[in-house]
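Here the structure is laid out as structure tokens; the discussion comes afterwards.
Throughout, residue positions are numbered sequentially from 1 according to the sequence presented. Both counts, for ligands and for their atoms, begin at 1 and track the order of listing.
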Amino acid sequence: MVKKTDPVARIAALSEALAYHNYRYHVLASPLISDAEYDGLFRELQVLEAEYPDLARPDSPTQRVGGAVSEKFVKVRHPAPILSLSNAFSGDDLRAWYERIRRLDDRVEHASFVVEPKIDGLTVVLHYAEGWFARGATRGDGEVGEDITPNLRTVRSLPLRIPVPGNVKSGAVPPQAPKRLVVRGEAVIFTKDFETLNASRRAEGLETYVNPRNTASGALRQLDPKLTAARPISLLCYAIVEMDGERIGTQWEVLECLRAWGFPVASHVRRYTDIDAVVGYCAAQTGARELLPYETDGLVIKLDDLRLASDLGVVGKDPRGAIAYKFPAQEVSTVLLDIVANVGRTGVLTPNAVLEPVVVGGVTVRQATLHNFDYIAEKDIRLGDRVLIKRAGEVIPYVIGPIKGARTGRERRYRRPRKCPSCGQKIERAEGEVAYYCVNSACPAQLTRLAEHFAAVLDIVGFGEKLAIQLVGAGLVKDVGDVFRLTKGQLLELPGFAEKKAQNLIEAIAATRARLAAGGHLGRLISALGIRGVGEVMAGDLAEHFGTLDALTQATPADLQLVAGIGPSASQALADWFALPRNQELLAKLRGLGVWPTGERRKASAVADTLAGQTFVITGTLPNWSREQARAFVEAHGGKVTDSVSKKTSYLIVGAAPGSKLARAQSLGVPALDEAGLRRLGAGER
Ligand code: IVH
């Protein structure tokens with residue numbers, strides 16, 4: 001993997017490479033390497049740092065979670081007041097603001113305006129000293145905030161180091177930041193990340209979060225940074241609170257500098273030279289807010305000339321040189337017609353509101369989430385109530401609560417179901433959890449959702465919700481193992497299936513089966529089984545720890561708790577799952593089908609470096625692995641994958657339809673291997 005001769009240089013190179021790829025991924029959203037490659041570099045750095053703890057750098061990407069757990073947050077006085085903004089609700093309000101400041105200072109007449117999204121998150125103040133992220137605080141009352149540095153370090157798009165004179169070691173010298181810099185930004189959870197987070201919580205039987213803003217804010221106030229790290233928090237920066245050296249003249253340049261120094265900055269920023277254009281843009285953006293990947297509640301209009309803005313001064317806590325244009329709230333009221341409970345793949349029942357259709361932000365809404373049954377009781381939501389609903393970004397709207405003043409007396413209290421709405425069997429609530437579950441693991445609704453999940457996790461192309469419903473409905477899938485027993489003949493009898501579609505699906509299933517049979521996908525399979533509380537990460541940890549399904553099935557709850565992150569309830573859920581006869585039958589079926597993968601060993605420390613010092617080049621399409629998977633395999637075993645064949649290439653990995661690399665390898669005498677050969681080599685067989 002790495003020559004141990006120069007760990008200092010290698011650690012520096014890895015830290016810089018990881019910081020750069022992290023920036024490409026989280027700030028620019030334009031990664032240059034695959035996740036597996038990133039993980040490979042990360043692991044290499046972890047191993048080196050474990051070996052040479054003194055060499056670990058404060059900006060090491062492995063150190064994002066590590067700060068001390070504080071008893072309570074220490075107060076931090078901001079270097080300058082963290083001001084707020086006055087609001088405008090219409091074009092007329094904006095014009096009135098313009099007139100006010102024009103009368104105060106005639107330079108306004110020729111001024112430009114920068115218009116930015118008003119990001120609906122938690123304001124944070126980030127201090128950099130000599131290029132290092134030194135401290136981060138909440139806004140607090142605008143004068144004094146709370147020190148949340150260890151939590152902010154876990155935010156992947158927050159640069160831990162920025163280029164200032166003296167700390168730039170390699171490559172082209174980037175534009176340099178001042179040695180002392182305080183930046184203001186907004187911590188948010190992107191809509192997509194929020195939806196993914198809630199989907200996995202729902203599947204694991206955990207309470208879903210109500211909205212991205214509160215989730216981000218709650219996560220950043222955790223006393224344990226590990227809890228913060230588990231939430232997908234992002235950052236967007238928009239102002240410099242303080243810096244040494246010459247002040248930057250315009251807001252436009254501020255944004256450009258922040259971007260150049262590696263800070264994430266909102267795209268969708270405009271500059272206009274007259275107020276009419278600003279008003280026009282604001283009107284146009286009102287309907288386009290959903291196109292942004294995060295929640296916004298308006299736009300911020302700022303005088304571009306920061307000197308002029310500062311000369312105009314402040315009214316109370318609001319600077320005169322900027323104003324927020326608030327979008328109309330995406331909250332509307334409508335009538336709650338009914339509440340239906342949907343059954344998820346782990347049997348969790350989620351209540352959904354059926355609404356009298358209503359238009360919010362240009363979209364007709366008929367359904368909204370009610371989170372869980374406790375939420376309905378806590379908010380005293382009744383059938384027939386006029387309820388307030390909120391739609392934000394792409395998130396499914398949620399019911400904020402009833403408008404109690406509008407009650408007529410005809411509203412009815414809602415009683416949660418006592419039986420599963422799909423199969424009619426008992427429902428139960430696990431101790432300490434909010435969710436109710438259908439106890440029948442053969443419940444058709446559960447099975448349908450599970451089959452869908454199983455196919456998605458295992459990448460069975462063409463296997464979606466509709467097919468899951470058909471297969472479960474037709475009795476062809478009674479457990480997920482049956483997916484591998486489907487025949488073309490059976491598919492052809494289903495409505496909508498012709499020869500080609502059936503053939504494609506059968507092939508996709510066979511490919512997945514071959515992948516699983518080939519080994520190394522244990523974590524995936526565990527995750528696909530949809531065990532309550534066992535998400536992708538935990539499944540990977542289990543695979544790594546136990547190595548085989550045999551070992552896992554025999555584990556006691558105490559054994560399971562030896563795996564980091566598995567507490568008493570998850571270990572009990574796992575043990576319960578394995579103890580169920582139905583699941584034992586499923587496992588026996590999978591074993592009989594050859595779907596019995598071995599564990600991927602993910603930690604470099606646990607992997608045999610069987611490919612250390614060897615260089616591989618891949619050509620053609622491999623039967624089971626994508627290029628990225630093959631590369632990950634090689635790297636996990638200490639080898640390297642490069643793009644072109646040279647005398648130094650140890651092996652050429654050849655798939656179907658190889659390119660010119662094959663001829664070149666042959667002419668250089670480089671041996672060729674197929675995918676299976678590579679796997680054997682990695683496993684230590686020669
Ligand atoms: S500028 C003097 N720009 O909105 C500078 N604020 O309602 C004042 N906010 O407290 C802030 N996005 O936390 C500015 N692009 C943006 C913003 C933004 C969100 C927040 C900020 C402020 C609140 C005012």
Validate the cation-pi geometry between R201 and Y209: distance from NZ or CZ to the six-membered ring centre under 6.0 Å, angle to the ring axis within 45°. yes
Sole candidate of K379, R407, K404 that passes side-chain hydrogen bond (donor to acceptor under 3.5 Å, both in side chains) when paired with D385: R407
Proximity of Y272 and Y281 rings by center, below 6.0 Å: yes
Suppose the criterion is salt bridge (charged side-chain N to carboxylate O under 4.0 Å, His left out): which pairs have a residue in residues 265-280, not counting sequence neighbours? R95-D276, R271-D304
Ligand 1: which protein N/O atoms lie under 3.5 Å from its N/O atoms?
residue, atom, partner, partner atom, Å
ligand 1, 3 (N), K302, NZ, 2.9
ligand 1, 4 (O), K118, NZ, 3.1
ligand 1, 7 (O), K118, NZ, 3.0
ligand 1, 10 (O), R184, NH2, 3.0
ligand 1, 12 (N), I119, N, 2.9
ligand 1, 13 (O), T123, OG1, 2.5
ligand 1, 13 (O), R184, NH2, 3.4
ligand 1, 13 (O), E186, OE1, 3.1
ligand 1, 13 (O), Y238, OH, 3.2
ligand 1, 15 (N), E116, OE1, 2.8
ligand 1, 15 (N), P117, O, 3.1

Could you tell me whether R102 and E99 have a side-chain N and a carboxylate O separated by less than 4.0 Å? yes
Enter the distance from I403:CD1 to L388:CG here, rounded to the nearest 0.5 Å. 4.0 Å
